[in-house]
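Throughout, protein chains are lettered first and strands after them, A, B, ... in sequence-line order, and every chain is numbered starting at 1. These values consider heavy atoms only, across backbone and side chains, with no hydrogens, waters or symmetry-generated copies.
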Amino acid sequence: MMSIAAARQLKDNQICFIGIGLPSKAANLARRLHAPELVMIYESGTLGAKPSKLPLSIGDGELAETADSIVSVPEIFNYLLQPGRIDVGFLGAAQIDRYANLNSTVIGDYRKPTVRLPGAGGAPEIAGACKRVIIMLRQSPKSFVEKLSFVTSVGFGSGPSDRDAFGLKGAGPVIVITDLGMLEPDPVTKELILTHIHPNIEVEKVIESTGWNLKIANQLRVTEPPTKRELEAIRSLVAAGA
Amino acid sequence: MMSIAAARQLKDNQICFIGIGLPSKAANLARRLHAPELVMIYESGTLGAKPSKLPLSIGDGELAETADSIVSVPEIFNYLLQPGRIDVGFLGAAQIDRYANLNSTVIGDYRKPTVRLPGAGGAPEIAGACKRVIIMLRQSPKSFVEKLSFVTSVGFGSGPSDRDAFGLKGAGPVIVITDLGMLEPDPVTKELILTHIHPNIEVEKVIESTGWNLKIANQLRVTEPPTKRELEAIRSLVAAGA
Amino acid sequence: MAEIVSLSEAIESLLNDGDIVALEGFTHLIPMSAGYEIIRQAKKNLTVVRLTPDLISDQMIGMGCVSKLIFSWGGNPGVGSLHRLRDAIENGWPLPLEIDEHSHAGLTNRFVAGASGLPFAVMRGYRGTGLDEVTPTVAPIFCPFTGEELRAVAAINPDLSVIHAQRADRKGNVQLWGITGIQKEALLAGNRSLVTVEEIVDELDPRPGDVVIPSWLITAVAVSPGGSRPSYAAGYYQRDNDFYIAWDAISRDRETFMKWMGENVLSAAS
Amino acid sequence: MAEIVSLSEAIESLLNDGDIVALEGFTHLIPMSAGYEIIRQAKKNLTVVRLTPDLISDQMIGMGCVSKLIFSWGGNPGVGSLHRLRDAIENGWPLPLEIDEHSHAGLTNRFVAGASGLPFAVMRGYRGTGLDEVTPTVAPIFCPFTGEELRAVAAINPDLSVIHAQRADRKGNVQLWGITGIQKEALLAGNRSLVTVEEIVDELDPRPGDVVIPSWLITAVAVSPGGSRPSYAAGYYQRDNDFYIAWDAISRDRETFMKWMGENVLSAAS
């Protein structure tokens, strides 16, 4: 459901900055459904890759072989991402807060962490510079927290004015897609509001899975169930193997 | 004589930054004589070009076709020249002063020039960053002047400490080759001293052709006349055409 | 995604009087035909950006299209002066010409900063030179870690950037090879961009040393065979060195120049 | 000009205990065999620089070669944690590990500054993040033209930079293709440099998308067939995704890890 919901967010001809895992699955799904001309960019430097199966790593040979062009890593970050040329960036994380700030660095104290996570990678600049950011993250009280252990990437900082104050060019996160529903920032306060629940999920379940006092949209909608075509596409993608 | 004298300054395996005209002639001559593995770099981005004839412009097709590799102009200036990776840089100019500063920008006032010259090009950074700089310039009171109309490239500024003060990495000019002789900076004061006169040239002629009070080395030498092999090489190079 | 249009449509819709326009191509792939079209459409008050102004800028200046030139080496390569450029600076003919002058490295880094979405770039240069004093787009900057003094150059983001390339495909992806100079950075620095190409092909088969610029980074592509002459396009035609030498005599005299432009540019179809 | 030497000679002569060593290869062409040789020669107290530390750093850390890691993403790509890296940071085993942590863009620009002979690079980033507070090699910088606040990152110039490439010729010119990542900048940033290659050939025939690094920019070249395994070398062998998955179990437990290293690295000839 998460990757189908994410795939639906993508439009044809958009330029997407893709990480491995759910984002890669969502983008490749969109490409097989309604967005055949979606341009996928992996931070390894491949522009317009068209993999036939889901890659395990962003360096998989097939990404390079099927790319329109391969550029260096400085070009990816300095010439393509930083100036705001990318339409959509995908991010995941270990923790998110109510302003869609993300933590993928540590759980616990930075100097003496309980759990050391992989770290920032491309995330801070994806969060800062893409025109729109889509966040994908399973929902639980451990991941949807009142206060992050560490701010790896800025969503809206501590409120609506922080992106401007930090000089961040993109619009920031536009949607958070979880295994239970979808959250969107309030147009004014930028606090994440639950706007959709997935089919057969209870609102209480979503509230219990959120570590802060979750606000619910006045018109809460149920996410459209996967269509037959979507389910077939995801099955064939998974069957093609990693 | 100028290009032969300049060619003699080059050693095999050196990395040389080459402009069109006399420098290109000198380097191509050295490559046919004692320095077959000289690496010629043109600022258009060709590394290790091996032209069979003298190019008219640094963009001539043959430079690209015979190069070991072609890089972008930002790479040439930022990755290769700026960090001081080039052994020898050649410069010409319209004017030179006693500290081997060069003018290739204007004659007269900058805002209301009598003669507008082409300008800086790669010269300021060649002068600043190459390990050694060789200057080639015909000698006359109009070109060897007390005061430049404009400082396009720094030799030694106003004396021995200026290169350090300006953060210039290379050693600066090591020799000035003219149609009359050769000048080298005094090891202490960095003022240019006449150290060689070419065969059949009178010292008086050199002094008259210099717009400042030219100092003469205690042991003034006569430049070794062109050998038969040098003359043959230059003839075949010229015969191959521009 | 790049639109594929005619050269005259492209110049008409993408370039306004008073714009900053970069025309790049470092000795190779100079977008000459785009310059001719700008002259034919009698654009005015342009700020032209180009490392090596070359014949293309000499002509635009002489025809009165240009009020300001941002450049780093303004000569006829291997030949001598650009007489129209000199006449404008020395005598204000046909119009006074404001200049913003850099070294190659400096102007290169202005394009790099522009392409990178940064307001400036840092470099080692300018200190001790006259350009450091006369050029307002150069300023001191200090390393926050070592304290070392360096120079900042202001980013340049032309309203329109024009380059010439060998080929494009039908989607507007562009391929160039040989000496590729500063073209990619100039193109990316532009708020709008135009690529003239020798031809449009079905498939851009990969070539050693090629640079492929995806369609989504380009505003428009226009077919213009021979669009670089008398400069050259590797794999298509050679540099016309004789014409560069001949230009010296054509351009030296105002009347000869105007006559040549009338016969060879103004009366020609785009 | 690059000397062509054996891998063991290269590591012995070019790398000293206490050095800063960059080992680059962005998912492709990772210089694994150089890492094994460093472990076999029991180098100590190294500062390792690598955007994506990957298995190569996990092994060097677990074997006690590393006292500091400069990195931007420390995971097993597509699999999960690097357990030796985590054990060192979380529990100080086998040694405490100091870290200097960046984003990919930040560490990329540290290499770019190092390759460019500048003390720092400028970028848009870090503001509002925790890295801005904990990482001393990031500092505020202001545009001298617009006043805008940006971030500077300190240049990095490793004592030794190591990359892996497909081929070299007998003069030591190196050719790589496919995903070429940050390798050129990492190599140029190094005070000394080593390139391991799949093979040495008589002639480097040009290839689409290749990067050719001239011999005069390289200190040493060493032949090391399969030198990237379990990473890959385009045109030579594929990425061993199964091994990346298997590494999770091997590296999770200290004893299993030590046993694997003993059997597969320490007892192997270089």
Side-chain angles (χ1 to χ4, degrees), chain C residues 100 102 105-106 108-110 112-127 132 135-157 166-167 173 175-178 180 185 203-214 234-235, chain D residues 100 102 105-106 108-110 112-127 132 135-157 166-167 173 175-178 180 185 203-214 234-235:
Chain C
D100 180 7
H102 285 267
T108 293
N109 278 302
R110 295 188 67 187
V112 169
S116 303
L118 293 173
F120 70 104
V122 178
M123 57 179 290
R124 215 177 271 290
Y126 291 100
R127 296 182 64 195
D132 206 31
T135 301
T137 43
V138 175
I141 194 156
F142 296 85
C143 175
F145 306 104
T146 65
E148 186 181 354
E149 183 178 351
L150 297 137
R151 284 297 176 268
V153 287
I156 197 150
N157 288 106
Q166 278 97 340
R167 314 192 300 181
N173 299 298
Q175 185 184 33
L176 57 160
W177 64 86
T180 54
E185 288 76 14
E203 188 85 25
L204 300 174
D205 51 303
R207 295 217 163 209
D210 63 358
V211 170
V212 174
I213 302 176
Chain D
D100 180 7
H102 285 266
T108 292
N109 278 302
R110 295 188 67 189
V112 169
S116 304
L118 292 173
F120 69 104
V122 177
M123 58 181 287
R124 216 177 269 292
Y126 290 101
R127 296 183 65 196
D132 205 31
T135 302
T137 42
V138 176
I141 194 154
F142 296 84
C143 175
F145 306 103
T146 64
E148 185 182 356
E149 181 178 350
L150 298 138
R151 285 295 177 270
V153 288
I156 197 151
N157 288 105
Q166 277 98 339
R167 315 192 300 183
N173 299 299
Q175 185 185 33
L176 57 160
W177 64 86
T180 53
E185 288 75 14
E203 188 84 26
L204 299 175
D205 50 307
R207 296 217 163 208
D210 64 357
V211 170
V212 173
I213 303 175

Chain C contact via D/R124 - which portion, at a heavy-atom distance below 4.5 Å: both
Name the option with the most non-hydrogen atom pairs under 4.5 Å to chain C; the candidates are D/S116, D/C143, D/A155, D/A139. D/C143
Quick one: which of C/P206, C/G209, C/P119 has the most heavy-atom pairs under 4.5 Å with chain D, could you say? C/P119
Please find the pair of heavy atoms, one from D/A154 and one from C/F145, that lie closest to each other, and give the distance. N-CE1, 3.3 Å
Kindly give the heavy-atom pair with the smallest separation between D/V122 and C/L118, and that separation in Å. O-CD1, 3.4 Å
Is it the side chain or the backbone of C/I141 that comes within 4.5 Å of chain D heavy atoms, both, or neither? side chain
